[in-house]
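A short write-up of the structure that comes next.
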Amino acid sequence: MKKVLVWLFAVLTALSVAACGERGGTPGTDATTEKLKVFAPDGAPAFALSGLMGDDTYDIEVVASNTIASKITSGDADLVIAPTNAVVNLFNKGQDYRIVAQATRGNLFVVGAGGGETVELSDLVGAVVGVIGQGQTPDLVFRYILGKNDIAYEVSDTAVDGKIALRYYADGPAVIQAAIAGQIGYGLLGEPAATNASAKIQGAKMLDVQALYEAAEEGNSYGFPQAVLAVKYSTYTARKAEVDAFLTAYAAAEDYAEEHPAEAVERVKNHMADGVEASIQQMSAETAARCNISGSVLTEADKADINGYIQMILDLEAEGVADGSLASSVGGKLPDEQIYLVS
């Protein structure tokens, strides 16, 4: 009986050692055979990861933008690119994801035929502007700019004398179709939808919303922190060396889409989740530049920039500028300092 017990103990010990080896080392280290799982929404933010999609070092998946928040609430994502206000909102509601880097500095453009060689903000007065994301980033940023320029507006499906009429749509393709059909004079769109619209609307001109935001902020850096890269804190603490290596590679690949636009498009297409269609079939270096990708790892200045952006949203919501029936898009308050991981 004693020999049987000794044999059984030896077998169990061997199995335990083998299992530890398969998991990637001894407890307490961050070595693992599992790849970091990284998600991004379709559209411009996905191109921030295109430089890391050339091999299978990371498990990267591009998903429909309306599902990106679920990758945080489910805990599926080790790292995720998401709208800044969405990350703050979920953090304020108890989801422990921390901001570690920027992703895009705004990629919104007003597109329309207009009357002159260029389109100015004042040209929109008396016209209907199709807007995506009611109560979300595109809507709030645009309303903020209009307020800073003392331009009156109201929500309306038809033109209003002396004001800009805001008409809401579910997504970019719906705005483009409305513009082609002549139902709206202009559309507020993100890249790459703005490029798609320009190709389909005869005589289309583009108004850079990021430049307008910079002017409204009186010299703030170009654009605004529209999307960020966040990490699940438990992943960060358990696999810090791997996360740090990812961030180094991420920052180094910041210019990949602009320098290799065709390859970037193919890479993003190849990483689309089942059922998700690529929002752009081809891209130029100019379009990639308008995606305004920023892969910089978070700094103290970035923290102040993000806090200012979130405060802008809170002020708009407090004033009732956003639809009162909508919940706060940032969780009703500035985030705790812990949301930021500065290297």
Side-chain angles (χ1 to χ4, degrees), residues 24 30-88 90-91 95-105 107 225-257 260 263-280 288 291-298 302 339-341 343:
D30 57 7
T32 179
T33 58
E34 293 184 3
K35 299 174 186 175
L36 290 172
K37 183 66 178 175
V38 188
F39 290 94
D42 58 327
F47 289 99
L49 294 173
S50 59
L52 304 181
M53 293 175 174
D55 55 35
D56 61 354
T57 302
Y58 305 108
D59 185 359
I60 300 174
E61 189 171 10
V62 180
V63 300
S65 57
N66 62 357
T67 67
I68 198 68
S70 69
K71 303 305 177 184
I72 294 176
T73 56
S74 66
D76 289 344
D78 290 310
L79 293 120
V80 59
I81 290 179
T84 306
N85 63 313
V87 176
V88 170
L90 293 172
F91 179 84
Q95 300 294 328
D96 203 1
Y97 278 74
R98 313 292 180 92
I99 298 173
V100 288
Q102 297 195 61
T104 61
R105 293 284 306 170
N107 44 72
Q226 185 171 356
V228 292
L229 176 69
V231 63
K232 182 163 63 174
Y233 192 60
S234 60
T235 297
Y236 180 79
T237 55
R239 304 170 65 179
K240 185 176 185 303
E242 292 173 81
V243 172
D244 287 345
F246 176 90
L247 292 176
T248 298
Y250 175 78
E254 178 181 31
D255 298 324
Y256 182 85
H260 309 280
E263 292 87 344
V265 169
E266 289 307 308
R267 288 185 174 192
V268 169
K269 286 182 182 179
N270 291 337
H271 285 77
M272 289 281 182
D274 292 341
V276 178
E277 295 184 5
S279 58
I280 191 168
C291 287
N292 211 8
I293 294 166
S294 176
S296 63
V297 177
L298 200 69
D302 293 333
I339 195 174
Y340 302 114
L341 290 177
S343 60

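For this chain, numbers begin at 1 and follow the sequence in order.
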Greater than 12 external heavy atoms within 6.0 Å of Y233's OH: no
Residue pair Y256, I293: steps toward the side chain to side chain contact (heavy atoms under 4.5 Å, CB included) verdict: CA-CA 10 Å; Y256 182 85; I293 294 166; over 6 Å; no
Candidate pair T104 and I81, rule side chain to side chain contact (heavy atoms under 4.5 Å, CB included), full reasoning: CA-CA 9 Å; T104 61; I81 290 179; over 6 Å; no
Might you point out which heavy atoms bring [X] and [Y] nearest each other, and give the distance in Å?
X: D42; Y: S65; answer: OD1-N, 2.9 Å
X: S294; Y: R105; answer: CB-CG, 3.7 Å
X: A64; Y: T67; answer: O-OG1, 2.7 Å
X: A103; Y: A48; answer: O-CB, 4.1 Å
X: A44; Y: C291; answer: CB-SG, 3.8 Å
X: A82; Y: V87; answer: CB-CG2, 3.8 Å

Any chance you could measure [X], atom [atom1], to [Y], atom [atom2], to the nearest 0.5 Å?
X: R98; Y: K232; atom1: CZ; atom2: NZ; result: 13.5 Å
X: S50; Y: K269; atom1: OG; atom2: NZ; result: 13.5 Å
X: I68; Y: T73; atom1: CD1; atom2: OG1; result: 10.5 Å
X: L36; Y: E242; atom1: CG; atom2: CD; result: 5.0 Å
X: R239; Y: E34; atom1: CZ; atom2: CD; result: 6.0 Å

Identified side chain to side chain donor-acceptor pair (under 3.5 Å) counterpart of K37 within the set D78, T235, D59: D59
Positive for side chain to side chain contact (heavy atoms under 4.5 Å, CB included) with M53, one of D55, L49, T57: L49
Step-by-step side chain to side chain contact (heavy atoms under 4.5 Å, CB included) determination, F246 to V100: CA-CA 11 Å; F246 176 90; V100 288; over 6 Å; no
Check: [X] side chain, [Y] main-chain N or O, donor-acceptor pair, under 3.5 Å:
X: K35; Y: D56; answer: yes
X: T248; Y: D244; answer: yes
X: Y97; Y: L90; answer: no
X: T84; Y: P225; answer: yes

Between [Y] and [X], is there a side-chain heavy-atom distance shorter than 4.5 Å?
X: N107; Y: F47; answer: no
X: Y250; Y: V38; answer: no
X: L341; Y: L298; answer: no

